[in-house]
Every structure is written in C-alpha cells, then in structure tokens.
Number of protein chains: 2
Amino acid sequence: MKSIVKDLTHERILNAAESLFALHGYDGATMRQITEKAAVNLSAVNYHFDTKEKLYAETFTRIIRPLNAERLTILTQAELLAGDHPVPLPAILESFIRPTFMLAAGRPQFLALMSRNFSAPPPFMREIMAAEFSAISQRYIRALQHALPGVPPMELFWRMFYTVGALLFTAAHRETMALLSHGAIQSPDTESIIRRLVDYASAAMCAPRREPAMS
Amino acid sequence: MKSIVKDLTHERILNAAESLFALHGYDGATMRQITEKAAVNLSAVNYHFDTKEKLYAETFTRIIRPLNAERLTILTQAELLAGDHPVPLPAILESFIRPTFMLAAGRPQFLALMSRNFSAPPPFMREIMAAEFSAISQRYIRALQHALPGVPPMELFWRMFYTVGALLFTAAHRETMALLSHGAIQSPDTESIIRRLVDYASAAMCAPRREPAMS
DNA sequence: GTCTATATCATGATAGAC
DNA sequence: GTCTATCATGATATAGAC
C-alpha cells in the first residue's frame, strides 16, 4: 500500500532527526545530515513535515507524549492502590522517573534530546512545551500535596522543578560523570540509577524549611 | 593608548557574545548578530579571537573562572573557620550555590549561558570544561566526605551531580516556572532562591540509602 | 510520492586598502 | 587596528519532471 511506504519514509526521517537533533541541537543538525542518515531525499522532509521547525516539533512530541502518558498511568495505578491514603512519596517520584529510563532503553539519544530541549529549547517550542506539561505538572503537584501536607505547595513546586533538573541533567551526562570522577563511575544499570534518583529526591522533597540564619 | 582601544573592542564583543550565545546557543548566534550588537566591524571578531569557536570558549571561561574561584575562596574560609571539624553541609552547598547568583547579578544572560553550556556544550568545549572543573569537583567531594562520613563517596558524587543539575535547570527557567505554576511563582529574590536550593540539597545529600524493594 | 535541479539567502572567514 | 568588499560554502525551501 502507498500509506505503508509513506509511513516508512516518515519514520525513517523522525528516527534520524531524533538522533541528530539530540547530538547537535536544532540549529546544529542540518536537513542534509538528517536526510542522508535516513537515506531519503532531501525534499522528503518538506513534503512530510513542511518545515524544519515542524519536523523538530514532531520529533519531540513523539517522545514526550508516550512518556507523560506512561507517567500518568503509573501514578493513577498507585493512587487506586492507595485508596483513601496518599500515595507514598517514593512511589510518586518513581512514577515520574522510571518511565524516563524505560522509554529510553535502546534509544541512545532519547535522553539527550529530552535534556537539550528542556535546557535550551528552540524559541518556537515554548508553546508546545507548555501545552504538553501543563496537565501533568498539576497532577503531580496535587499528589505531592497529599503525600506531604506539611510542606507549602509553592515549596513543592520548586522542589519538583529541582528534581526535574537533576533528572535531565544526569540523564544527559553519563559520560561527563565518568570523566569527572576519574573512572570511579561507569554507566551503571538502569535500576541503580532510578533508585539513586528516587532516594535523593524523596529526601529532598520533605526537607525542613530552615530558618533564616542570624549574621 | 592603543591597548585601551583594543581592550574596549575586545570587551564589547565579549559582552555581546555572552548575551547572544546565552539566548541562541553557539550555532544559533551568528557573528553578524554579535558584531552588530557590539557595534563593531564584522572582521573584528576574527582579528581579536581568530575564530568563532575561540570567541565562544573565551566568553565561557570569562564567566566560569571567577565563579569557581569565588566558590573555592568561600569554601576555604569555611574550612578555616571549622578548624578540625568538618564544614557543616549547608555551608558547603551554599559556598557552591551562592556565588552563582551573586556573579549573575546585573547580567541577565549569565545563568542562561551557564546552563546552556552544561546541558548542550558545543563539542569543542568538552576538554575546556573538563579542565575548568576537574580541580573544583575534587575539592567539593572531599569536603562532602568529611561532612557526611556515613555516605559512600560514589553516592556523594552522584548527589552533587544531581544538585548541579537542579541548580542549572532552575537558573535557566524562572520564566518557565512562572508559566507552569500559573502565576503562583514569580521571580523571587536571590536570597530566597539560595535558601530554597540549599535546603533542598542539604536534605538530599544525606538521604538514607533505601533497601531494594521486595516485589 | 519521490526525485533532480535549482533558487535564494546567510554563514564564517579572508584579502587588501587605509 | 579597522574598514569594505568578497569568497566559498552550506543552509532551507521550492519547482517541476517522472
């Protein structure tokens, strides 16, 4: 069928784009590189995606939508399991963190693209990002409020933001860590990474608020 | 004197480059934009910095060297003050975090350039980054080991890395936060930001290591 | 739907007058 | 040291044959 052929080219381009945008960023990756890697014609990008900007947007939403959907699925399961009780804090955080590494399995540039797009999103992505994350951020804040009623909501918001920063930064820097640690750290297994991040964030989320220090 | 004139042009270019690299990244900022903003001739970049890559490297080292120097100064003061005792954990973290925001005062793109360069450094920056951070990372790990003898050094290394991620991510996203929080969060004052981050990281650094869960 | 060929423009860098 | 003018290259996007 024709649609199958179309879908193949479409996907080949998206796969190549994912890897090259992750490696070189929006401005750094050229359509020539992408179409060469995808082994399709240069014009295929414009035919299937119209512009480079739209190609980038689709490349990113293709990874972020299933990720956020999976997060909400696991969080909802945990809420059903907890019944009237709040979901335990580590379970909330793990529902956010674990899917990141699960969906990244076998896609070496998945995490790099995520991190890059959050830390330095091309300007045309601002609206798209806000749309993709508006719902999920509210869901998580509510779950956190139930789990930690003693912490002010605004504080929870900040801390969740810090946690996302820690997650993305680490995700994109496994090699850097090996470098700075002089070989003490080599890319550990996924379960260790998840456990470490959940432990870190769980402790951090319920930090006491320090009183302003005297001089 | 001629050297004064040279230094003026030199600095005008660096200032313009700092702001434009922060906003658009290495590939996104063009030499024409930079020289236009600096109100100097296009060729001045090549004359003073040879290539665009060297201009970027100088732009970044100009902000990172005083920053890391200030961090070490404050940490050393704290160590002298502590004598034979370990420096308290919050003091260690604050010596790392505070200079970031102090040196950023009055330079709106300082933090954005920092964040961007760490999350998506141009490939030619890898060596330079490693050189600039090798010494300071070892100094901080040692201080953390003294303050938290019960936490394995490798765990400390990871957690410090998470903390840097939280710091940089937040630094570059004050506007994003205001957006996602639906106006609940508006750029707070520097002291609040520092306190919040230090509280968060202090609790996280001494997190207990959770036992692997049973199924 | 896919290709070749090309239009149009912006890029980094350089040559050479002053 | 600073300018103008320009080069060679590579960018995105499009027109039109097949």
Side-chain angles (χ1 to χ4, degrees), chain A residues 1-60 113 116-117 120-125 128, chain B residues 1-60 113 116-117 120-125 128:
Chain A
M1 310 279 182
K2 282 189 176 181
S3 62
I4 292 178
V5 174
K6 176 201 169 189
D7 287 344
L8 266 182
T9 300
H10 193 89
E11 293 238 333
R12 293 173 67 84
I13 293 172
L14 281 175
N15 290 337
E18 179 175 315
S19 142
L20 286 166
F21 282 140
L23 252 127
H24 306 120
Y26 175 75
D27 292 300
T30 70
M31 287 171 61
R32 280 178 168 81
Q33 288 177 303
I34 292 167
T35 51
E36 195 168 338
K37 176 155 191 157
V40 302
N41 188 271
L42 175 62
S43 309
V45 169
N46 298 103
Y47 178 78
H48 286 281
F49 301 93
D50 196 16
T51 65
K52 187 188 182 187
E53 290 193 355
K54 288 179 185 164
L55 168 61
Y56 183 91
E58 272 217 43
T59 303
F60 186 70
L113 179 57
R116 202 183 265 273
N117 188 72
F124 61 87
M125 287 296 291
I128 294 169
Chain B
M1 312 279 181
K2 282 191 176 180
S3 62
I4 292 178
V5 174
K6 176 200 169 188
D7 286 346
L8 267 183
T9 299
H10 194 89
E11 292 238 334
R12 293 173 67 85
I13 293 173
L14 280 175
N15 291 336
E18 179 175 315
S19 143
L20 286 166
F21 282 140
L23 248 116
H24 305 120
Y26 175 74
D27 292 301
T30 70
M31 287 171 58
R32 280 176 169 81
Q33 287 177 303
I34 292 168
T35 51
E36 196 168 338
K37 175 155 192 157
V40 303
N41 188 271
L42 174 62
S43 309
V45 169
N46 298 102
Y47 178 78
H48 285 281
F49 301 93
D50 195 17
T51 65
K52 188 188 182 188
E53 290 193 356
K54 288 179 185 165
L55 167 61
Y56 183 91
E58 271 219 42
T59 303
F60 186 70
L113 179 57
R116 201 183 267 272
N117 188 73
F124 61 88
M125 287 297 291
I128 295 169

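In what follows, every chain begins at residue 1, and chains take the letters A, B, ... in the order their sequences are listed. Computed from heavy atoms alone, side chains included, the values below leave out hydrogens, waters and symmetry copies.
- Evaluation of the ring pair (Phe, Tyr, Trp, His ring centres under 6.0 Å) rule for Phe60(A) yields no partner, not counting sequence neighbours.
- Residues from residues 26-44 of chain A placing a heavy atom under 4.0 Å of any atom in DNA chain C, listed by number, are Asn41(A), Ser43(A).
- Between the NE2 atom of His24(A) and the P atom of dA11(D) there is a distance of 12 Å, given to the nearest Å.
- Residues passing the side chain to side chain contact (heavy atoms under 4.5 Å, CB included) test with Ala57(A), sequence neighbours excluded: Met125(A), Ile128(A).
- When the salt bridge (charged side-chain N to carboxylate O under 4.0 Å, His left out) test is applied to Lys37(B), no partner is found at least two apart in sequence or on another chain.
- Rounded to an integer number of Å, the gap from Ile13(A) CD1 to dG1(C) C1' is 11 Å.
- Atom NZ of Lys52(B) and atom P of dT14(C) are 15 Å apart (whole Å).
- dG1(D) atom P lies 15 Å from atom CD of Glu11(B), rounded to whole Å.
- At the phosphate of dT2(C), OP1 or OP2 sits under 4.0 Å from a side-chain N or O atom of His48(A).
- As rounded to whole Å, 4 Å separates atom P of dG1(D) from atom OH of Tyr47(B).
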Side chains of residues 27-34 of chain A: which donor-acceptor pairs under 3.5 Å do they make with residues two or more places apart or in other chains?
| from | atom 1 | to | atom 2 | distance (Å) |
| --- | --- | --- | --- | --- |
| Thr30(A) | OG1 | Gln33(A) | N | 3.1 |
| Gln33(A) | OE1 | Thr30(A) | N | 3.0 |

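- Phosphate proximity of dG1(D) to Thr9(B): absent, as no side-chain N or O sits under 4.0 Å from OP1 or OP2.
- Atom pair Lys54(A):NZ and dA13(D):C1' shows a separation of 13 Å (rounding to whole Å applied).
- One atom, CZ of Arg12(B), and another, P of dT2(D), lie 11 Å apart when rounded to the nearest Å.
- Side-chain N or O atoms of Asn117(A) include none that pairs as donor or acceptor with a backbone N or O of Pro121(A) at under 3.5 Å.
- Note: CG (Asp50(A)) to P (dG1(C)) measures 15 Å, nearest angstrom.
- Evaluation of the side chain to side chain donor-acceptor pair (under 3.5 Å) rule for Tyr26(B) yields no partner, not counting sequence neighbours.
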